[in-house]
Amino acid sequence: MRYGLGGLVLAGLLASASPSAMGAQASPLVVEVRGGASTSVAHFRSGTRIGEGAGSGASFGVDFILSGAGRRSTYVGFSQHRFGCVNAGCASGHQFVATGFDGGFRFGLCTRCLVSPWLRLGALTTRVESGGLPESPAGVSRLAFGGEAGFGVYIGARSAVALNPGLRFAAVNTRLPGGALLRMRYAVLDIGLALSF
């Protein structure tokens, strides 16, 4: 399934970058800088398996968005999400730090509106740096693949500078140093500053 998601995103990126899509130049490239908070949900927040019991932390990211025909846009980006992990077994002062790339599609629900709701669906990669758990030494996890879905509101959609608050949910499983499985389920609430070119 994870390879299927990756293939879907890659196909979308190639289609958006095709000469016909580039030649049409229906809308500009958008660079979006995002900042907010990430919080664990489901068993990642309240479970008792390794690494579960994580809390909230800061989140930031950068997305590059290329609009295609109709209401669909393609995005690729980089993000980092932090989670408090003292209650999950980490030493005091340590966090889970999840860093990776994401990509997929965003669907605008009103292409001619100044305020435009949107939906987002994509795939992600991540590596998690942990502060050391009783079952796992400190270090960086293996590369893992997961998925994300979200929604938000694009404010100032027809101007060069816009605000873009949003909420998204993600799920990914990764292997910590030593081989233990960390099942991450989290939400990210953030706001983006979008610049159109």
Side-chain angles (χ1 to χ4, degrees), residues 1-13 32-63 75-106 118-152 165-192:
M1 179 177 177
R2 65 186 185 185
Y3 298 112
L5 283 173
L8 176 65
V9 171
L10 181 59
L13 295 176
E32 188 172 292
V33 180
R34 307 187 65 85
S38 50
T39 185
S40 57
V41 298
H43 53 72
F44 189 39
R45 170 172 288 275
S46 58
T48 58
R49 289 181 286 193
I50 182 169
E52 295 178 349
S56 302
S59 172
F60 74 90
V62 178
D63 285 340
Y75 71 89
V76 293
F78 165 86
S79 60
Q80 184 178 91
H81 311 296
R82 295 173 178 264
F83 305 92
C85 71
V86 172
N87 291 337
C90 295
S92 178
H94 289 278
Q95 295 180 308
F96 288 132
V97 182
T99 305
F101 296 94
D102 47 65
F105 303 107
R106 193 165 74 184
W118 53 263
L119 301 173
R120 168 174 168 153
L121 182 65
L124 59 88
T125 69
T126 193
R127 289 186 187 273
V128 180
E129 181 181 353
S130 63
L133 298 165
E135 304 90 338
S136 172
V140 180
S141 75
R142 298 177 189 172
L143 180 66
F145 299 86
E148 65 174 9
F151 60 91
L167 174 66
R168 62 188 186 273
F169 299 88
V172 60
N173 297 341
T174 186
R175 293 282 177 182
L176 294 171
L181 182 65
L182 177 64
R183 303 170 186 266
M184 300 177 66
R185 306 291 182 268
Y186 59 91
V188 178
L189 178 63
D190 58 12
I191 187 167

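Atoms considered below: every heavy atom in the structure, side chains included; atoms not considered: hydrogens, waters and symmetry mates.
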Taking Arg168 first and then Asp190, would you say they form a salt bridge - that is, a charged N and a carboxylate O separated by under 4.0 Å?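 A salt bridge is present here (some side-chain N lies under 4.0 Å from a carboxylate O).
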Working to the nearest 0.5 angstrom, can you tell me the gap between [X] [atom1] and [Y] [atom2]?
| X | Y | atom1 | atom2 | result |
| --- | --- | --- | --- | --- |
| Arg183 | Arg49 | CZ | CZ | 4.5 Å |
| Cys90 | Phe96 | SG | CZ | 4.5 Å |
| Asp63 | Arg106 | CG | CZ | 7.5 Å |
| Ser38 | Arg82 | OG | CZ | 9.5 Å |

Any idea which heavy atoms bring [X] and [Y] closest together, and the distance?
| X | Y | result |
| --- | --- | --- |
| Glu148 | Asp102 | OE2-CB, 3.8 Å |
| Leu124 | Ala170 | CD2-CB, 3.8 Å |
| Met184 | Ala98 | CE-CB, 3.9 Å |
| Trp118 | Gly166 | CZ2-CA, 4.1 Å |
| Gly51 | Ala88 | O-CB, 3.3 Å |
| Val188 | Ser59 | CG1-OG, 3.5 Å |

If you define the side chain from C-beta out and look only at heavy atoms, does anything of [X] sit under 4.5 Å from [Y]?
| X | Y | answer |
| --- | --- | --- |
| Pro177 | Val140 | no |
| Leu182 | Val128 | yes |
| Phe101 | Thr125 | yes |

Side chain to side chain donor-acceptor pair (under 3.5 Å) evaluation trace for Arg185 with Asn173: CA-CA 9 Å; Arg185 306 291 182 268; Asn173 297 341; 3.0 Å; yes
If you draw the axis of the six-membered ring of Tyr75, does the NZ or CZ of Arg120 fall within 45° of it and under 6.0 Å from the ring centre?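 That pair qualifies as a cation-pi contact.
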Glu32: which residues meet the side chain to side chain donor-acceptor pair (under 3.5 Å) condition with it, sequence neighbours left out?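 Counting only residues at least two positions away or on another chain, Glu32 forms a side chain to side chain donor-acceptor pair (under 3.5 Å) with Arg34, Asn164.
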Suppose we screen for side chain to side chain contact (heavy atoms under 4.5 Å, CB included). Which residues come up paired with Ala187, at least two apart in sequence or across chains?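 Side chain to side chain contact (heavy atoms under 4.5 Å, CB included) list for Ala187, sorted by chain: Thr39, Val41, Leu167, Phe169.
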Under the criterion side chain to side chain contact (heavy atoms under 4.5 Å, CB included), I'd like the reasoning laid out for Thr126 against Thr99: C-alpha separation, chi angles, the key distance, then a yes or no. CA-CA 5 Å; Thr126 193; Thr99 305; 5.8 Å; no
Pair Leu181, Arg175 - check side chain to side chain contact (heavy atoms under 4.5 Å, CB included), show working. CA-CA 5 Å; Leu181 182 65; Arg175 293 282 177 182; 3.6 Å; yes
Set out, in order, the CA-CA distance, both residues' side-chain angles and the distance that settles side chain to side chain donor-acceptor pair (under 3.5 Å) for Thr174 and Ser141, then state yes or no. CA-CA 7 Å; Thr174 186; Ser141 75; 3.0 Å; yes
Before giving the answer on side chain to side chain contact (heavy atoms under 4.5 Å, CB included), spell out for His81 and Ser56 the whole-Å C-alpha distance, their side-chain angles and the decisive distance to 0.1 Å. CA-CA 9 Å; His81 311 296; Ser56 302; over 6 Å; no
Hey, do the aromatic rings of Phe83 and Tyr186 have their centres closer than 6.0 Å?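 Yes, they do, as the ring centres are separated by less than 6.0 Å.
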Below 30° counts as parallel, above 60° as perpendicular, anything between as tilted: where do the rings of Phe60 and Phe78 land?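 If you compare the ring of Phe60 with that of Phe78, the planes turn out tilted.
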